[in-house]
Amino acid sequence: MTELRLFNSLTRQLETFTPVHAGEARVYTCGPTVYNYPHIGNMRAYVFADTLGRVLSYKGYKLTHVINITDVGHLTDDADAGEDKMEKMAAEKAQSIWDIARHYTEAYWEDIKALNIRQPAHWSIATDYVPAMIDYAKSIADKHCYELESGLYFDTATVAHYGALARAKTEDGANALGARIEEVEGKRNAADFAIWRKTPAGETRQMEWDSPWGKGAPGWHLECSVMSEALLGLPFDIHTGGIDHREIHHPNEIAQNQARCSSDHSGAHFWMHNNFLIERSGKMSKSSGEFLRVQLLIDKGFHPLAYRLMCLQAHYRSELEFSWEGLQAAFVRLKRMVMGVANLKARHAELVSPPVTNVPASIVPNEVMVEADTLTLKQVQGDVVGVKGDVAAVIMASVNDFDTAIADDLNTAIAITALETLLSLKKIGVADQLAAIADMDNVLGLNLMALTRQDLRVRPKAALISEEEIETALAARKEARAAKDFANSDAIRDDLIAKGVEVMDGDPLGWDWKLDI
Ligand code: AMP
Ligand code: ZN
């Protein structure tokens, strides 16, 4: 197998992945702030982290993945200004923060499931770790923090190379993208940030805890340092997040990790960032009415895995422009793959138990001899090929192309084409072909082995007609055509068109109809 190389934002270079603990991969992903539904851009970050995890598993590492849920502490401005996002939404909706957090966490988990993102080893909920956060803050307070009226602040001048990850120009130790010094009176450096925010005198917050610095709540940056250390130990292998986190949130986590470990290491060997999904009309903004959520894609008749495929068609470090046409193209591509797998499965089933005919039992198709129903991709790459010689070299070639692509900083765009090439091969051991496709599918997470044509018929919310009605109408049309009653068959077709159903005579993918909404 090709050695895994990943782009490390710390060095801005591709580096060979060598685990901290032999045979293991420990990964921490910054999770959502659950004050609202995630938009599809947010979900790109988790498709990326999930694909990374799948690749690490495929490469043989025992994966421990942590994704956190931020239910306290994230302000409306990453650089320590504004209101707490959770408090603000709770006030707007006149609901308890705990209810808000529960509702949006569940909605996020629905999207995780819809996009076939694997369950991490731990979902760490920030509010479960507040006592640990207070202990952590106490352990670094003397050397690295100072107290102001509004909270306990981290002095970014007390650690070496503060902000190196962001590569921002610094003035007076300030992160160019960070806060300005005058925003909080008494701050020593512009980039200094609160690790504990005191509840202002005379106010009560819905979420507040006692601490040595008074009643209050933890700072957002503190949360991830504490939970990653608690669940993965320092240093761990890979820390992921969206590219915006490279500027403030992750430099601040690194500063805390440095303070905590009294060393020069950042806490994780690799810091990896996905680029943004861009949508120019503003529909992705959570403040717009109907914003782009996974559920909206489903309501419009798209299968959510078409969106996963859309993400995987781009490199995770490239910006990806969202369009409905692009999503439609990805959906058609997904359908082709699912139909391709279905055809192979049908061929395989036929070979294993051929239909009863008069052919003598001694004449069995060659492919039945390839018994490797349980063959795995690794076996295809390893000894089995040489020993048995029954796996076509063409399968190996696709498998190698796939492996080379994903090992090259997760080049999923190329890996998908390797899978498609393998799907299109004819007259090779179909069992081996399916086994290799199943392993590739495990890495890409498109669920090709399980999805059926029926699953892909997602009913748009606004559809005026049910599937059964369509099928009945189509059967009647078929009868009319058979009886050469073209007036009736055209009338049925026109009626279907009026209800948004496009009748697809002779569609190469074998789809008889689709709903256009
Ligand atoms: P938040 O809930 O705001 O903390 O964001 C959750 C994750 O989504 C973070 O890793 C962000 O960096 C990431 N993210 C936010 N907007 C986008 C976007 N448009 N495209 C890709 N990732 C994003
Ligand atoms: Zn984080």
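Just so you know, ligand 1 is whichever comes first in the structure, and atom 1 is the first atom listed for that ligand.
- Heavy-atom proximity to atom 16 (N) of ligand 1, evaluated over Tyr104, Phe322, Phe276, Tyr316, is greatest for Phe276.
- Of the polar atoms of Gly41, at least one N or O is found under 3.5 Å from an N or O of ligand 1, judged by distance alone.
- At a heavy-atom cutoff of 4.0 Å, ligand 1 is contacted by both the backbone and the side chain of Thr33.
- Comparing heavy-atom distances from atom 9 (C) of ligand 1 across Glu279, Arg246, His245 singles out His245 as nearest.
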Kindly indicate, with the supporting measurements, whether the criterion side-chain hydrogen bond (donor to acceptor under 3.5 Å, both in side chains) is fulfilled by Thr240 and His273.
-> CA-CA 6 Å; Thr240 81; His273 298 97; over 6 Å; no

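- Relative to the ring axis of Tyr136, Lys138 does not place its NZ or CZ within 45° and under 6.0 Å from the centre.
- For Asn275, no nitrogen or oxygen atom sits less than 3.5 Å from a nitrogen or oxygen atom of ligand 1, counting backbone and side chain alike.
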Worked check of ring pair (Phe, Tyr, Trp, His ring centres under 6.0 Å) between Trp109 and His103 | CA-CA 10 Å; Trp109 283 338; His103 177 75; over 10 Å; no

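- Among all protein heavy atoms, the one lying closest to atom 10 (O) of ligand 1 is Gly242 N, 3.0 Å.
- Using cut-offs of 30° and 60° on the angle between ring planes, the pair Phe402 and Tyr58 is perpendicular.
- One side chain, Glu279 or Ser281, offers a donor N or O that lies under 3.5 Å from an acceptor on the other.
- The protein heavy-atom contact nearest to atom 8 (O) of ligand 1 is Asn42 ND2, 3.1 Å.
- Ring planes of Phe154 and His144: parallel class, angle under 30° (limits at 30 and 60°).
- The aromatic rings of Trp213 and Trp196 sit tilted, their planes meeting at an angle between 30° and 60°.
- Under a cutoff of 6.0 Å and an axis angle of 45°, Arg317 and Phe7 form a cation-pi pair.
- Of the options Ile298, Asn42, Val294, a side-chain contact (heavy atoms from CB on, under 4.5 Å) to Asp111 is made by Val294 and by none of the others.
- The N/O atoms of Asp244, backbone and side chain alike, include one that comes under 3.5 Å of an N/O atom in ligand 1.
- The side chain of Asn274, and not its backbone, has at least one atom closer than 4.0 Å to an atom of ligand 1 (non-hydrogen atoms only; side chain from C-beta on).
- Under a cutoff of 6.0 Å and an axis angle of 45°, Lys300 and Trp324 form a cation-pi pair.
- Outside the 6.0 Å centre-distance limit, the rings of Tyr108 and Tyr37 are not counted as a close aromatic pair.
- The N/O atoms of Leu277, backbone and side chain alike, include one that comes under 3.5 Å of an N/O atom in ligand 1.
- For the Zn ion (ligand 2), protein N, O or S atoms under 2.8 Å: 3 in total.
- Ligand 1 lies within reach of His39, whose nearest heavy atom is under 4.0 Å from it.
- Salt bridge annotation for Glu229-Arg260: present, with a cationic side-chain nitrogen under 4.0 angstrom from a carboxylate oxygen.
- Within the structure, ligand 1 has Met284 among the residues with a heavy atom less than 4.0 angstrom away.
- The side chain of Tyr46, and not its backbone, has at least one atom closer than 4.0 Å to an atom of ligand 1 (non-hydrogen atoms only; side chain from C-beta on).
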